[in-house]
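Note on naming: letters A, B, ... go to the chains in the order of the sequence lines (proteins, then strands), and numbering restarts at 1 for each one. The structure displayed is predicted, hence computed values, not measured ones.
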Amino acid sequence: MDWNALSLSLKLSAITVAFLLPMGLIVGRFLAYHHFYGKSLLQAFLAIPLILPPTVLGYYLLVLLDGGSFLGHLLETLFGQSLVFSFEGLVIASIIFNLPFAIQPIQASFESIPREIREAAACCGLSPLKVLLKIELPLAWTGIVSAMVMTFAHTLGEFGIVLMVGGNIPEETKTLAISIYDKVQAFDNQAAGVMSAFLLLFSVMAISFTYLIAGRYQRHYA
Amino acid sequence: MDWNALSLSLKLSAITVAFLLPMGLIVGRFLAYHHFYGKSLLQAFLAIPLILPPTVLGYYLLVLLDGGSFLGHLLETLFGQSLVFSFEGLVIASIIFNLPFAIQPIQASFESIPREIREAAACCGLSPLKVLLKIELPLAWTGIVSAMVMTFAHTLGEFGIVLMVGGNIPEETKTLAISIYDKVQAFDNQAAGVMSAFLLLFSVMAISFTYLIAGRYQRHYA
Amino acid sequence: MPKTGLKLWLRQTHSIKLNIKLHCQNNEVLALVGPSGSGKTTVLRAIAGLYSVENGLIQCQQHCWLDTKKAINVASHQRAVGFVFQNYALFPHLSAQENVAVSLNHLSKNKRLKYAKSLLKKVHLEGLEKRYPMQLSGGQQQRVAVARALAREPKILLLDEPFSAVDQVTRRRLYKELIELRRSLSIPIILVTHDLNEATLLADRLCLLHHGVSLQSGSPAEVSTQPVSTQVAKLMDQPNIFTAKIVEQKPEKKITQLLWCGQIIEVGYRANYKVGQKICWMIPASDVILHRRRKSSKGERENPFTGKIVDYMLLGGYVTVSIEINQPLKTYLSMSVPLHVARRNELALGIFIGVSLLSDSIHLMPYESLRNEF
Amino acid sequence: MPKTGLKLWLRQTHSIKLNIKLHCQNNEVLALVGPSGSGKTTVLRAIAGLYSVENGLIQCQQHCWLDTKKAINVASHQRAVGFVFQNYALFPHLSAQENVAVSLNHLSKNKRLKYAKSLLKKVHLEGLEKRYPMQLSGGQQQRVAVARALAREPKILLLDEPFSAVDQVTRRRLYKELIELRRSLSIPIILVTHDLNEATLLADRLCLLHHGVSLQSGSPAEVSTQPVSTQVAKLMDQPNIFTAKIVEQKPEKKITQLLWCGQIIEVGYRANYKVGQKICWMIPASDVILHRRRKSSKGERENPFTGKIVDYMLLGGYVTVSIEINQPLKTYLSMSVPLHVARRNELALGIFIGVSLLSDSIHLMPYESLRNEF
Amino acid sequence: KNIPIIAAASSVKFALEEISQQFTKDHGLKVKFSFSSSGNLMRQIRHNSPFELFLSADETSVLKLHALGLTLDKGVQYARGRLVLFTAKKSPIKKDPQLTDVRQALDDGRLKRFAIANPDHAPYGVAAKQVLQKLNLWHDLQKRLVLGENVAQAAQFSSRHAVQAGIFAYSLALKMKPEYGSYLLLPETLHQPLRARMALLKSANETAKAFYKYLQHAKSRAIFEKNGFYPP
Ligand SMILES: Nc1ncnc2c1ncn2[C@@H]1O[C@H](COP(=O)(O)OP(=O)(O)OP(=O)(O)O)[C@@H](O)[C@H]1O
Ligand SMILES: Nc1ncnc2c1ncn2[C@@H]1O[C@H](COP(=O)(O)OP(=O)(O)OP(=O)(O)O)[C@@H](O)[C@H]1O
Ligand SMILES: [Mg+2]
Ligand SMILES: [Mg+2]
């Protein structure tokens, strides 16, 4: 077991989740409650990470985030360091890659809150912020948890982008998935098997747990 | 533009969709209407392809499908040829990889048909098969279309597994995504860019179209 | 009991508790009434084969649809039932005509649409055949659902609160249509409703359910005016239910006397009660007769009471008043009169009036303590 | 018009068409009635600030909540409204007590729960504070919703079909509670309902909506017995609406005479109609008086008609009959009498009876052709 | 915190890890590696990678970077790669340096699949292609080829039952467990020398430079050789 890679993966997943939680909430809630021209196009754009081969997406991210590009330069002066080949860069890539996994379930869970419940909250004198905190978040939480679990599991397994943007630097950007890949490449099937099994076990447990509580929830309120 | 790869990709996507349509319908409908012990575990297992790095998943598929393994041997005698490094093998890998993309939306769309509608159909004298054909399928079709579009787009872009199981054989297993990857590796950024742009354009159009009709549908019935 | 029509009993101890026995003859309308959650929909679903019960027997037109003892359980689509669901459950992707045509599975496609059209005409929907359910008003949807249920030439018609989603004016029209319809059908019709007026208006017989148990069956007037228990009386929305004591039995005069609120009430002779026995009795609000203000009429000798009006409600041309008979015991009699009668007799809050309780309308029931439970 | 209470007008030509003007004083119950889709809920939502209208003015207790001309539009949570939603819209993740406490945002957490408990006691829900909405029956949920709406000490109370989801017996109890409640409140109460009986029973005034337009306002009796048009009369569920011609005006005798079905009807003098003019008239079913079988009474000279009973319906102690006045023209009069009266006079299908139309109850309206539209 | 990161082709992974252990023992200095394909690494170096030393599996990548001015100098050749012909356990192909049985098997249908690394971008793929061209097998074999994304994948493929033979790096063949199959070293005359070149990058620190020197030391040469690389 490559403990360094595991801890790095867990750290990356945790930080990605920490960033995507507020982003997913804001974007997901916005998409749930607003209708505008081009909304379906925007939703399609958010699904791009599902479609483009990760290595290719990784390459474009590398080009984009590198100090040579305008955006890259901007980010570099902002963060005081180059984002490619750094953990920070991985976090950004990981956030982009997980956007659809985080936003879609959150959007769906906000959409499923009846409009009248939110209106009733406003009629109870709650300001929009308080409606969010006291009514919407508690009612949407299973969707939010599901989004976070999926993002976490998915970041653990992501590999193509991480390899390209991160550069496979031990203790810095070499995640568990890359480590598994390396082991497979180096004919160390046993180590690869152990690590894959660990990854799978964790993910299956996380996801089945999510489905389980989602099912509970359905029975609870519906 | 690598037209061979494109036509191969389209063919692979089409065949994958053709196989996953009935499978998705059967499994998705079953999951929608039946509750059993361990259902959430099964659903989690179906999500595995989302989590394991594609190359790793591809490796395991390679080992599994290769004539050396028991299953591989069985399949080889069954198909009269080895499944690895063949288009047939790609189709199998692609089907496995796309299971969650096909099943989840179909399941959701069956779940959203009110029980009473199906009961009403039975009370109209329709046999279970006719209920499926005349009532359930037409009502679930947006979910089914969405599943198929996602599967199609996603197969177009899939790369790690295809590379591993297919062996990058031109006109047989070299898909568009691999072609893009090869061009990137060979520093032919222009060709890679053109092909990526094509893939993206197609996918975004397909997905936004899907979201659009899904939205229409919502407005239509809800 | 005739062989045709519906015969049913259901018994279940787990999940939804059931203990129901009922029958419905051809060309009879049976109303299933009862509070929310009493199992009305469940009974219909069991008849249609959409709900499986532990123990039961369902026979319809000499066909056995369910017999748990013989392990017979005919599939839903093979029981010829016409089911109008509570919310109609129309197929949203099919036009009105196609919705009806679905039930005409046995005909060729061409005949199917033609016949569906003629059925829609029967329920006064000509010209709306091509509309989709969401383009139809509640009342129109209900008619499509009825046409669809009838298209199959069912052996029984099941209607689950068919009027709950339409407004009052439409509802009245639909009542008339149902009354016309049942004349042209010779099958049992089971109508679920939680509206007693509706049941009284439309049904030949009524079966009262409560917590999954059928408490009483009979004509609406019978169940309403001669309930077997105070529980039934309460569920039938009777306002005047009281306890009293039998004080005298005069078989020779065909009279039984009760003591209530310190006064004697005379009712028709009931042999099955003993002197001294505590009982419950009730009288419908419409059978409490107002004494005329100025001139007295012959009815006034019958069980006269006086009291103060403590509540006055005007409702659809009728006035319902509460009369305080005995202040310390908080005993109130409820009565209702047409508005013009109330005006002529100058009824108003606070005034004292005299009323008579019609002997024939007083109904005795076994004793039960009357709490005002919530 | 007093400065307190609610004053409102709404006008809109796009999307949902609206043309509504209404007011409601403090301690007054205004019923908004109208068929499904007439805009009742929309009006409440506009008052609560949940729906934005094109043009409008909403003033409540001297606060201006909406004035499109001055671009004033106060946010929902800053308008002090108590809103009881059609399906209650309780927060499913909060207990009854917490649901109420949400409205007590201005108090400290401790006080909030205490006060919420006391409010639940007021609506007779002590002991159920810890239950979640799905563990409460429809009637209990409704009470929690009322308690929640009142917790805020609102400037107006909005009730959207608060009784539609509960069965009849519970409903009757809730009516009584609303009547008690309004005594203790000094704010306008707007009650949406599609049940005219409910409106009559509970409201001081009634406003009839149709396709987003307020057609008539007034006391329930007024709108019901003196509708401004046949459309209003039909929407108020009046069964006896007819066309006739003015044949004589006798101001000196305070009489106007109509010709209807070949007979003269005398009504109170109406100066605003000319002789020869076509008009529409109506009479409530309860104001058609039955001639006694054996003895005649003095009322019988008033507009007497005879006809055959062609329809007989028993409904909650009352009998409604249709009398065929003119067979070729298919003219039917509808009347209702208590069951005991019907029995005493031996009413039945097919027999001929005499009735009188009370002059004072006959109401004239501008002429409109009366089609039996669906 | 002056541990340099060294970008190295996956093919030299085993050798480098051994050398770096020795290096740390001898000099007390540490280095880190980032393994990937030479192409990927070159791409990353062009986009501001933090690498200080680049060990390519070929020569052209280093020379291209030099032309772009990203290296300190033209660098040096540090090893010479060798190719093997590999046949899986139950393969019907007999190995010989001139691949005569491959030719035979191709004609009589015993050979269905032949694995090499992708000659479009993998150095060992290029060399394998040269071998096949030299032996006049390229044209006929082309339809039978399965291409690994890199040389390691070509090795993976070669060990599969479905593939009868493959050409890949000697270094990888040494790591392959005997139960997967056996190999035969191919003569260097069949292809252009697989010159593996390395160069210090602009940002190289002292440790990187020391390691660069150490790699040219006889000790390192020996380890390279043990791992299947011949001295330059
Ligand atoms: N699918 C179900 N599983 C378990 N219990 C159920 C189910 N459906 C209904 N019930 C319960 O069965 C009982 C009877 O329900 P049913 O729907 O038959 O009542 P109902 O008389 O039709 O009521 P309503 O007037 O509200 O329609 C209720 O207590 C209800 O909670
Ligand atoms: N969100 C909406 N967008 C567009 N139209 C709407 C919307 N909500 C309601 N309507 C339309 O506005 C009209 C008035 O609706 P409203 O809900 O106010 O009627 P209502 O009188 O409350 O009816 P009901 O008795 O069925 O509750 C209807 O024609 C309805 O179709
Ligand atoms: Mg029901
Ligand atoms: Mg409404």
Residue-level contacts of residues 16-23 of chain A with chain D, using a heavy-atom cutoff under 4.5 Å: none
Does A:F36 CZ have over 12 foreign heavy atoms under 6.0 Å away? yes
So which bits of residues 119-128 of chain A come within less than 4.5 Å of chain D, counting non-hydrogen atoms only? A:E119, A:A120, A:A121, A:A122, A:C123, A:C124, A:G125, A:L126, A:S127, A:P128
Please list, chain by chain and in numerical order, all residues satisfying side-chain contact (heavy atoms from CB on, under 4.5 Å) with D:A101, sequence neighbours excluded. D:R112, D:L113, D:A116
Using 0.5 Å steps for rounding, measure from the CZ atom of D:F91 to the CD atom of A:E136. 10.5 Å
Could you tell me if the side chain of D:L50 sits less than 4.5 Å from the side chain of A:R115, heavy atoms only? no
Here the pair of heavy atoms bringing D:P92 nearest to A:I117 is CD-CD1, 3.8 Å
Output the option from D:R152, D:Q78, D:R148, D:H106 having the highest count of non-hydrogen pairs under 4.5 Å with chain A. D:R152
Crowded around A:F45 CZ? As in, over 12 foreign heavy atoms under 6.0 Å? no
Select one option (side chain, backbone, both, neither) describing which atoms of D:L104 are under 4.5 Å from chain A's heavy atoms. neither
Could you please spell out the steps behind the side chain to side chain contact (heavy atoms under 4.5 Å, CB included) verdict for D:L94 and A:K134? CA-CA 10 Å; D:L94 300 180; A:K134 290 191 155 187; over 6 Å; no
Taking atom CD as the centre, does D:E153 end up with more than 12 heavy-atom neighbours from other residues, nucleotides or ligands that are less than 6.0 angstrom away? no
What residues form a side chain to side chain donor-acceptor pair (under 3.5 Å) with D:N73, not counting sequence neighbours? D:R79
NZ (A:K39) with more than 12 external heavy atoms under 6.0 Å: yes
